[in-house]
Enquirer: 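Pasting in a structure now, in structure tokens, and then I'll have a few things to ask.
Proteins come first, then strands; the chains are lettered A, B, ... in the order of their sequence lines, and each starts at number 1.
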Amino acid sequence: MQTKEKVLEVKGLKMHFPITGGVFSRVVGHVKALDGINFDVIKGETLGLVGESGCGKSTTGRCIIRLNEPTAGQVIFHSERGKVDLLELDRDAMRPYRSEIQMIFQDPYSSMNPRMTVMDIISEPLLIHCPEMNQKAREDAVHYLLDKVGLRKDQAMRYPHEFSGGQRQRIGIARALSTNPKLIIADEPVSALDVSVQAQVINLMMDLQEEFGLTYIFIAHGLSVVKHISSRIAVMYLGNMVELGDAEQVYNHPVHPYTKALLSATPMADPRAEKKQRIILQGDVPSPTNKPSGCGFRTRCPLAQASCAEAAPELRLLASGRKVACPFVEEAE
Amino acid sequence: MSDVVMPQSTVLEDEQKISYWTLVWQQFSKNKLAIFGLWCILVLLAIAIYAPVLASSKPFYVRIGAQVHYPFFSSLFDRNLYENGVDLFFNLQMFLFPILLIMIFGRVLLFGHDFFEFGGRLMLAYGIVSVGFFFYHQFYPHQETYKDWVSTVVEARKQGEFVESYWPLRDLSYRDTNLEGGHPQAPGQRHMLGTDKEGRDIFARMVYGTRISLTIGIIAVSIYIFIGIVLGALAGFFGGAWDLVISRAIEIMLCFPTFFLILTLSALIENKSIFHVMLIIGFTRWPEVARLVRAEFLKLKNMDYVQAAIALGFSRGRVIFYHVLPNALGPVIVTAIFGIASSILIESSLSFLGLGDLSAPSWGEILSQGRQEFKLWLILAPGMAIFFLVSVFNLVGEGLQDAMDPKLRR
């Protein structure tokens, strides 16, 4: 277990978006989208990142690939050229690493330039990152990738709007694969798709992972999708990570009160199954501009105590190897 | 099962690459009114280019006794006859434009090429040749001594010499004055549309005025579209200080009533030429375009495909020119077409108020004389022409707007 090779280490990642107001655009506050999160990504695994809307899971993905510039923290990427903190690189120094970390976007309808053919969309990254390839080699590569994601060669000359949502997501996957990346950040890749297509796309991603030895960070807002693909699951709430552990453990035996509530809200497709005890949380998620002191979850937590307001709980390691950000829970083994 | 799939896939493999503009054209050609407008513009363009064939005091061919002359062709690039640079440009098009049409239709009809595939390069070459020639003539003007061929031919006939001559449709240039029989003169045998107060033929001036109007429209709009795209793109894509400065500049410019700003500027310039008018219109109307482009860039910058392009490590230039700009251009082109119509109106208004280029045969200038002299033929012809030109450009603009709207497509 301990010998596993890390691909990415995220340390104390903070993303505070400034809120400006007034005539001179003074900063009047911050949206604390990420408030110091730490996690590692291990080579070959799929790390599922779950949480409700606005908890910062997409921001985490965007910060790693630097579509947002984080306020503080480190994103250490282990490449063949050695360890490097991605956040310290400038645009040009970042470019070679961009080919090793790729992203799959949520909305397959807006993630492709409507003026470009599929051929252009998939071959453009090759043009930038593999300048030694000629036209023919790029076309062959595109045909190979289309075949890998289950599309036909002759569809390469079409435009994105001629495809269905599931097919477009396959094109998005082919584009992400084109630079031969090590790590792929999938930002809710199936939540815009039909349920029947979701399974196909997820299975495709799993097949590709096996074939190309990919590592995924899989962002989703529902645990059921993540459970199928992930080897580990990280649960986020209000810009913090509350629980991180093996998928089976987190899914079947959640320990953090928020994880328990989130899991109990997962709909069951079996009408004869026993009615689960739903945990209904009181109140709403606090605003990320004005977070409660200490633990972010204390305003809604059934276990909250006075000490929760004093300091934000750190992730602590439990006996089974998982981490949880609550001092009061223990594994019910 | 495989028998069913096979024919379908072979059909798909024959599929040609269809560009976005081909799709727009397919949609546009369904709009009858817009196609009518496009034909009207082509006819106006033909009138503008072949204006000397319709009205010029130089005969194509003259034979007096044993001497043969071709004054029409030798005088085409004569700076003394056509003192306006616009005329030189259009006279060149009398030869270049047919070549361009042959190259386009030859390739499309004979070889079945897609115009939108090769059109860009061809138009670029065409533009470079035209503009190059224009500037060459600005610096090395060709000048001839003036010779009145109309009276020369009449004199020769009187003296009983053998005379053979072929003339343009009307043997009157737009600057020739005919002071016999009063001026302004009502429409009659010699002057189809009458003359103005200086005895110049209105028909000739109307024909050459088409050149002025089209040039004003296209060049003024090109100037402000270019400024608008550059500033709007900087503000929208880079944001921050760029956006702050450019947005404030746009707001300041929009605070001025544009037409009064144009009036003031044109009152400041002495000895205006038609190019000054174009520059004035170009430099005062960019804020609308800049605001439009900025809004498009702000919207597109956050589209996933632009984010994907950034995540893939493409350079800023590539992201802007390949991913953002082509998608932001649609509304800009529609604005440009409408802008041509409104620029023509502005020029006419300036000339009407006596603030335009007084030497250029502009429609507004004729209209202005109509106001002073209060003669019907001075008002009707240019008024109808301006109305017609503005209407057809608006028809085409609307057709294009509908064709480029992806929601209306099939």
Side-chain angles (χ1 to χ4, degrees), chain A residues 24-25 58 61-62 64-68 91-122 124-129 152-162 168 172 175-176 178-179 181 184-185 187 192, chain B residues 5-24 114 116-117 239-241 243-245 247-248 251 299-330 404-407 409-410:
Chain A
F24 300 104
S25 301
S58 288
R62 292 173 60 91
I64 292 170
I65 206 161
R66 280 184 73 186
L67 285 174
N68 291 341
R91 286 181 62 86
D92 291 328
M94 181 74 187
R95 189 158 296 137
Y97 295 101
R98 290 205 186 272
S99 67
E100 297 191 43
I101 307 178
Q102 271 309 312
M103 193 151 178
I104 298 171
F105 289 85
Q106 173 178 11
D107 183 1
Y109 291 89
S110 70
S111 65
M112 265 156 270
N113 189 340
R115 299 286 167 89
M116 290 175 130
T117 59
V118 172
M119 173 64 80
D120 294 334
I121 289 169
I122 303 177
E124 202 180 9
L126 296 172
L127 198 69
I128 305 300
H129 292 291
R152 290 196 314 273
K153 253 192 238 176
D154 52 77
Q155 290 170 324
M157 282 304 162
R158 296 200 185 178
Y159 287 86
H161 69 84
E162 297 173 64
R168 287 192 204 201
R175 173 174 62 186
S178 63
T179 57
I184 290 183
I185 299 166
D187 187 1
Chain B
V5 176
M6 273 305 283
Q8 194 198 0
S9 62
T10 45
V11 167
L12 284 169
E13 248 163 290
D14 290 341
E15 213 171 1
Q16 287 276 314
K17 183 175 171 175
I18 306 169
S19 79
Y20 171 79
W21 291 106
T22 316
L23 290 175
V24 170
D114 184 354
F116 298 105
E117 287 292 307
D243 191 21
L244 197 75
V245 172
S247 295
R248 292 303 89 79
E251 279 158 22
K299 185 184 87 186
L300 293 171
K301 191 173 76 173
N302 288 321
M303 291 292 278
D304 279 350
Y305 61 83
V306 178
Q307 295 290 311
I310 297 169
L312 282 161
F314 298 165
S315 64
R316 281 194 186 125
R318 191 172 188 89
V319 173
I320 292 177
F321 289 110
Y322 285 78
H323 294 269
V324 186
L325 195 56
N327 290 292
L329 229 43
M404 290 174 93
D405 187 349
K407 287 187 209 87
R409 197 172 299 146
R410 285 168 292 159

Enquirer: Considering only heavy atoms, which portion of B/Arg318 lies under 4.5 Å from any heavy atom of chain A: side chain, backbone, both, or neither?
Expert: side chain
Enquirer: What part of A/Met116 lies closer than 4.5 angstrom to a heavy atom of chain B: side chain, backbone, both or neither?
Expert: side chain
Enquirer: In Å and rounded to the nearest 0.5 Å, what is the CZ to CZ distance from B/Phe314 to A/Arg95?
Expert: 10.0 Å
Enquirer: Identify which part of A/Met94 has an atom lying under 4.5 Å from any heavy atom of chain B, answering side chain, backbone, both or neither.
Expert: neither
Enquirer: Under 4.5 Å heavy-atom distance to chain B, tell me which part of A/Ser110 shows up: side chain, backbone, both or neither.
Expert: both
Enquirer: Looking at A/His129, A/Arg115, A/Arg98, A/Arg175, which has the largest count of heavy-atom pairs under 4.5 Å with chain B?
Expert: A/Arg115
Enquirer: For A/Leu127, is it the side chain, the backbone, both, or neither that has a heavy atom closer than 4.5 Å to a heavy atom of chain B?
Expert: side chain
Enquirer: Verify the neighbour count for atom OH of B/Tyr322: are there more than 12 heavy atoms of other residues, nucleotides or ligands below 6.0 Å?
Expert: no
Enquirer: With a 4.5 Å limit on heavy-atom distance, are the side chains of B/Leu312 and A/Gln102 in contact?
Expert: yes
Enquirer: Between atom CD1 of A/Ile121 and atom OH of B/Tyr305, what is the distance when rounded to the nearest 0.5 Å?
Expert: 10.5 Å
Enquirer: Among the options A/Arg62, A/Gln106, A/Met103, pick out the one with the most heavy-atom pairs lying under 4.5 Å from chain B.
Expert: A/Arg62
Enquirer: Under a 4.5 Å heavy-atom cut-off, does chain B meet the side chain of A/Arg66, its backbone, both or neither?
Expert: neither
Enquirer: Please name the pair of heavy atoms, one in B/Ala311 and one in A/Ile65, separated by the smallest distance, quoted to 0.1 Å.
Expert: CB-CD1, 3.9 Å
Enquirer: Keeping A/Asn113 on the side-chain end and B/Asn327 on the backbone end, is there a donor-acceptor pair under 3.5 Å?
Expert: no
Enquirer: Answer whether the closest heavy-atom distance between the side chains of B/Gln307 and A/Asp187 falls below 4.5 Å.
Expert: no
